[in-house]
Amino acid sequence: MQLRVRGLPELCLLILEGDRYHRHVLPATGKITIGRSEDCDIQIDDASVSRQHALLCVALSEMVTLEDLGSANGTRVAETTIVSGDPTVLGPYEILRFGDVNAVLLRLGSNAKTRVFGARTDFQASVTERCTRYTKGDSVFTLFSLSKIEPNQEDDLRTFLVELLGDKDLVTSIENQTCELLVDGPRSISWISDKLGVQKLSADISHAQFPADGNNSSALLRGIRTAAPVSPKPTRNVLQNPDMVKLYALAEKIARGKISVLIQGETGTGKQVLAEYIHNASTRSDEPFIEINCGAIPAELMESELFGHVKGAFTGANKNKMGLLEAADKGSVFLDEIGDMSPDLQTQLLRILEDGELRPIGATKSRKVDIRVIAATHVDLATASQTGAFREDLYYRLSGITLEVPALRHRFDEVVPLMEVFLARYAHENGSRPAQLSPEAKELLTAYTWPGNIRELRNVAERVTLLCETGSIGLQHLPTTRMLATVSVEHPRTTRGNTTQPITQQEIESALTTCNGNQTRAAALLGVSRRTLTKWLTRYDMPRPRKKSSIQ
């Protein structure tokens, strides 16, 4: 299959020398000679490169080919030496080698920044050089290993890394579903894991940081290559419901600004996941994301946790302590269960949002902070503000934009995909293969009302992983008694004992209308299996409706 460099206007060839590179922008069409001679369009001053070494051709179709011109030390594409005189079609981000010199072909947009994709030998040399240079100061850098990269995601991952990495960052080519990154500054696994989740990319991740995890390249590289990898948390991996698609599209738009966001929804619906998505999609994504559960921190400690204190401010204050709000400076703060915050703290929070300043307990001067506040609650803050249970002015300040996360019972088309994500996650943690859901299990999962929402679904997935030893998940592995008690949001009904009991056409039409055309939920509402419902549809010569999704 021929590969094309497509879609973006600028082609670029990088000639790599350690952690440095020479960038050569290619013309839209034409032939480019490469070699040691001064007459070549791209000169490489290296003894392993022939005077007239290779020829690049760029066509109007954006097709790029590479031809070896009879060089002494050969020309390679990836690990394959190309035949002299036989042009080879190149794909985007192709790793090339002229003699002993590495190069990479990139396609760039007008706003894209150049990144280096190099061989592992060059990467190791760059890590060594960075260790030597950074030992003289207090600078920090982080290494990552991304493994188990899905082959069909490799191109998307390369594009993602081009946009993500900075000018001082490096990344190797993807080999055996693995690549390694050097990222300047202190970075955590969650930093890249969250970004992969936003882009719907998956990889196992391990990391090591200089100098905390080693002060030489051998120790750091051994750290990322032998450490137990961490799988990214399922975040935005499942978006099947139209209302959820619209919700996340809106979240992506508002992420660009600084406006405060109030997220409402039942407990366990995924409000924190949405908050993290807003942060990761914003210009603050490289800065801290601090989560504060206003209902979990004791009231007597809450003020100190939020605002910090100075030494001697109260008994036991033996040293200065930075508050969580200050720690989130230039980033985002997620205030979960904001409705549980005390009136006094509500007043102080309002002042910070209005003035952009906070004062630690016992301090005489205020400090400037730049934070974006994302708040969440399962209670109706609008009603609470009208009754005096919550400050009305703070409510209006927090609810610059209000997002409502639907309950899982209104997102029944996401239940099975979410369950499969959790099953894969728990199976990976247990070192086993994820079990497959039987049709009967899928029917019950889809029909159940999920009063505990995604949190309950996750718990059921963990239970199933432990109980199922056959590789196929049946009703016996699920909390069937509890689930059958409420198999429909509107009309709970137990299963018909006799599946041959006649069902009227009117009953079927009513059930399908109630369930918005979803046959699985309609079957559960009628107390029969989906297969039985299909037989009755055929018997009455009724067309099988297309699956629809709508809030009920």
Legend entry - Pairwise side-chain contact, Pro479 with Arg463, heavy-atom cut-off 4.5 Å (strictly under): yes

Legend entry - Close side-chain approach of Met341 to Leu306, heavy-atom, < 4.5 Å: yes

Inset, instruction - Please round to the nearest 0.5 Å and tell me the distance separating atom NE2 of His207 and atom CG of Leu143. - result: 9.5 Å

Inset, instruction - Report yes or no: does Thr465 contribute a side-chain atom to a donor-acceptor pair with the main-chain N or O of Tyr426 at less than 3.5 Å? - result: no

Inset, instruction - Quick one: do Ser260 and Arg372 satisfy side-chain contact (heavy atoms from CB on, under 4.5 Å)? Show the steps, please. - result: CA-CA 6 Å; Ser260 298; Arg372 187 205 194 139; 6.0 Å; no

Inset, instruction - Kindly compute the distance separating CG (Asp336) from CD1 (Ile292), expressed to the nearest 0.5 Å. - result: 10.5 Å

Inset, instruction - For residues Glu305 and Lys321, report the shortest heavy-atom separation together with the two atoms involved. - result: OE2-NZ, 2.6 Å

Inset, instruction - Identify whether the distance between the nearest side-chain nitrogen and carboxylate oxygen of Lys368 and Glu326 falls below 4.0 Å. - result: no

Inset, instruction - Report the distance from atom CG of Leu423 to atom CG of Leu437, rounding to the nearest 0.5 Å. - result: 5.5 Å

Inset, instruction - Using a strict cut-off of less than 4.0 Å between a Lys/Arg side-chain nitrogen and an Asp/Glu carboxylate oxygen, indicate whether Arg284 and Asp370 qualify as a salt bridge. - result: yes

Legend entry - Salt bridge present between Glu462 and Arg458 (N-O < 4.0 angstrom): no

Inset, instruction - Please name the pair of heavy atoms, one in Met419 and one in Val460, separated by the smallest distance, quoted to 0.1 Å. - result: CE-CG1, 3.8 Å

Legend entry - More than 12 heavy atoms from other groups under 6.0 Å of CG on Asn152: yes

Legend entry - Nearest heavy-atom neighbours spanning Gly339 and Thr377: N-OG1, 4.2 Å

Legend entry - Nearest-0.5 Å distance that lies between atom OG in Ser438 and atom CD1 in Ile473: 8.0 Å

Inset, instruction - Could you check if a side-chain atom of Gln209 sits within less than 4.5 angstrom of a side-chain atom of Val140, using non-hydrogen atoms only? - result: yes

Legend entry - Test item: Thr347 side-chain N/O and Pro343 main-chain N/O as donor-acceptor pair under 3.5 Å: yes

Legend entry - Separation between CD of Glu354 and CD1 of Ile352, rounded to the nearest 0.5 Å: 11.5 Å

Inset, instruction - State, with a plain yes or no, whether a side-chain heavy atom of Ile338 is found less than 4.5 Å away from one of Leu398. - result: yes

Legend entry - side-chain contact (heavy atoms from CB on, under 4.5 Å) evaluation trace for Arg351 with Leu358: CA-CA 8 Å; Arg351 189 179 302 120; Leu358 63 79; over 6 Å; no

Inset, instruction - Mind telling me whether Phe289 and His279 have parallel, tilted or perpendicular rings, with 30° and 60° as the class edges? - result: tilted

Legend entry - Qualifying residue for side-chain contact (heavy atoms from CB on, under 4.5 Å) with Thr269, from Leu408, Asn453, Ile263, Leu274: Asn453

Legend entry - Glu456-Tyr448 side chain donor-acceptor pair, cut-off 3.5 Å: yes

Inset, instruction - Write down the atom of Ser366, the atom of Glu357, and the distance for their closest heavy-atom approach. - result: CB-OE1, 3.8 Å

Inset, instruction - Flag yes if more than 12 heavy atoms outside Gln436 fall under 6.0 Å of its CD atom; otherwise flag no. - result: no

Inset, instruction - Taking atom types as modelled, find out whether Arg256 and Thr283 have a side-chain donor-acceptor pair closer than 3.5 angstrom. - result: no

Inset, instruction - Answer yes or no: is there a side-chain heavy-atom contact under 4.5 Å between Gln177 and Pro151? - result: yes

Inset, instruction - Side-chain contact test, heavy atoms from C-beta onward, threshold under 4.5 Å: evaluate it for Leu201 versus Phe160 and give yes or no. - result: yes

Legend entry - Salt-bridge criterion met for Asp243 and Lys246 (N-O under 4.0 Å): no

Inset, instruction - Report yes if some heavy atom in the side chain of Leu394 is under 4.5 Å from a heavy atom in the side chain of Leu353; otherwise report no. - result: yes

Legend entry - Spacing of Ser304 atom OG and Leu324 atom CG [to the nearest 0.5 Å]: 9.0 Å

Legend entry - Under 3.5 Å: donor-acceptor pair, side chain of Ser385, backbone of Leu381: yes

Legend entry - Check: Asp340 side chain, Cys294 main-chain N or O, donor-acceptor pair, under 3.5 Å: no

Inset, instruction - Taking all non-hydrogen atoms of both residues into account, name the closest pair between Ala313 and Gly362 and its distance. - result: CB-CA, 3.9 Å

Legend entry - Residue that, paired with His378, satisfies side-chain hydrogen bond (donor to acceptor under 3.5 Å, both in side chains) out of Lys271, Glu337, Glu266: Glu337

Inset, instruction - Count the heavy atoms of every other residue, nucleotide or ligand shown that sit under 6.0 Å from NZ of Lys535, and state whether that count exceeds 12. - result: no

Legend entry - Any donor-acceptor N or O pair under 3.5 Å, side chains Gln272, Glu291: yes

Inset, instruction - Output yes when a side-chain donor or acceptor of Trp536 lies under 3.5 Å from a complementary backbone atom of Met542, and no otherwise. - result: no

Inset, instruction - Carefully, step by step, assess Ile454 and Arg411 under the rule side-chain contact (heavy atoms from CB on, under 4.5 Å). - result: CA-CA 11 Å; Ile454 295 176; Arg411 297 149 50 188; 3.3 Å; yes

Inset, instruction - Give the C-alpha distance, both sets of side-chain angles, the deciding distance and a yes or no for side-chain contact (heavy atoms from CB on, under 4.5 Å) between Leu403 and Ile278. - result: CA-CA 11 Å; Leu403 302 177; Ile278 293 172; 4.0 Å; yes

Legend entry - Contact check, side chains of Leu537 and Leu512, non-hydrogen atoms, under 4.5 Å: yes

Inset, instruction - Can you spot which of Ile371, Val369, Val373 makes a side-chain contact (heavy atoms from CB on, under 4.5 Å) with Leu325? - result: Ile371

Legend entry - Closest non-hydrogen atom pair between Arg391 and Gln346, with its separation: N-OE1, 2.9 Å

